[in-house]
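Presented below is the structure to which this report refers.
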Amino acid sequence: MKTKYYNPSSLEVNFAKAFQDLAQQLEDRLDAGKVVNITPIHDADNPMVIYKLKDEEGDLHEVVVQIIQRPDNLVS
């Protein structure tokens, strides 16, 4: 079945939610950083998960993961 609606597609939204659920596993792989907040934006054209991180010096950083699904005709 060809995807008809991409903005956002259910695949993008579910992938973003799954990525959000992996926060603890991602934090475990950081050398000295810690996830202090997660902001999900699942209803955007390209869903995002924004991670606020604190490094070993106590500085705050943001990492934005944006999910972009290519249309079927671009995938071969």
Side-chain angles (χ1 to χ4, degrees):
M1 183 172 111
K2 298 289 183 189
T3 303
K4 292 180 175 41
Y5 187 70
Y6 285 96
N7 297 321
S9 73
S10 59
L11 181 61
E12 286 176 312
V13 171
N14 291 334
F15 194 90
K17 288 177 180 178
F19 209 90
Q20 179 183 347
D21 292 342
L22 293 173
Q24 184 60 53
Q25 289 92 328
L26 294 170
E27 182 178 270
D28 291 344
R29 292 179 165 261
L30 300 175
D31 290 334
K34 182 163 184 68
V35 176
V36 295
N37 189 40
I38 301 171
T39 304
I41 304 173
H42 297 310
D43 59 349
D45 182 6
N46 299 114
M48 291 183 273
V49 182
I50 303 170
Y51 292 88
K52 187 169 281 186
L53 308 170
K54 186 179 282 190
D55 66 17
E56 66 276 359
E57 297 172 345
D59 295 330
L60 292 176
H61 304 273
E62 280 191 350
V63 174
V64 178
V65 178
Q66 187 170 31
I67 310 302
I68 300 171
Q69 181 182 0
R70 293 185 175 165
D72 293 340
N73 62 343
L74 296 179
V75 178
S76 56

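For this chain, numbers begin at 1 and follow the sequence in order. Heavy-atom basis, side chains included; hydrogens, waters and symmetry copies ignored.
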Rounded to the nearest 0.5 Å, what separation is found between the CG atom of Asp28 and the CG atom of Leu22?
-> 11.0 Å

Residue pair Val35, Leu26: steps toward the side chain to side chain contact (heavy atoms under 4.5 Å, CB included) verdict = CA-CA 9 Å; Val35 176; Leu26 294 170; 5.6 Å; no

When rounded to the nearest 0.5 Å, the distance separating NZ of Lys17 from NE2 of His42 is 6.0 Å

Working for side chain to side chain contact (heavy atoms under 4.5 Å, CB included), residues Tyr51 and Asn37 | CA-CA 6 Å; Tyr51 292 88; Asn37 189 40; over 6 Å; no

Going from CD on Glu56 to CG on Asp31, what distance comes out if it is rounded to the nearest 0.5 angstrom?
-> 8.5 Å

Validation row: Thr39, Val49 side chains within 4.5 angstrom (heavy atoms) = no

Same cluster for Val64 and Ile38 if Ile/Leu/Val/Met/Phe/Trp/Tyr side chains link at under 4.5 Å?
-> no

Mind checking the NZ-CG spacing from Lys54 to Leu30? Nearest 0.5 Å is all I need.
-> 14.0 Å

Working to the nearest 0.5 Å, report the span between CG of Asp45 and CD1 of Ile67.
-> 13.0 Å

Under 3.5 Å, is there a donor-acceptor pair between the side chain of Asn14 and the main chain of Ser10?
-> yes

Could you tell me whether a side-chain N or O of Glu12 sits under 3.5 Å from a main-chain N or O of Pro47, the two making a donor and an acceptor?
-> no

Is there side-chain contact between Leu53 and Val63, with at least one heavy-atom pair below 4.5 Å?
-> yes

Whether Gln66 side chain and Met48 backbone form a donor-acceptor pair below 3.5 Å | no

About how many Å separate OG of Ser9 and CD1 of Ile68, when rounded to the nearest 0.5 Å?
-> 11.5 Å

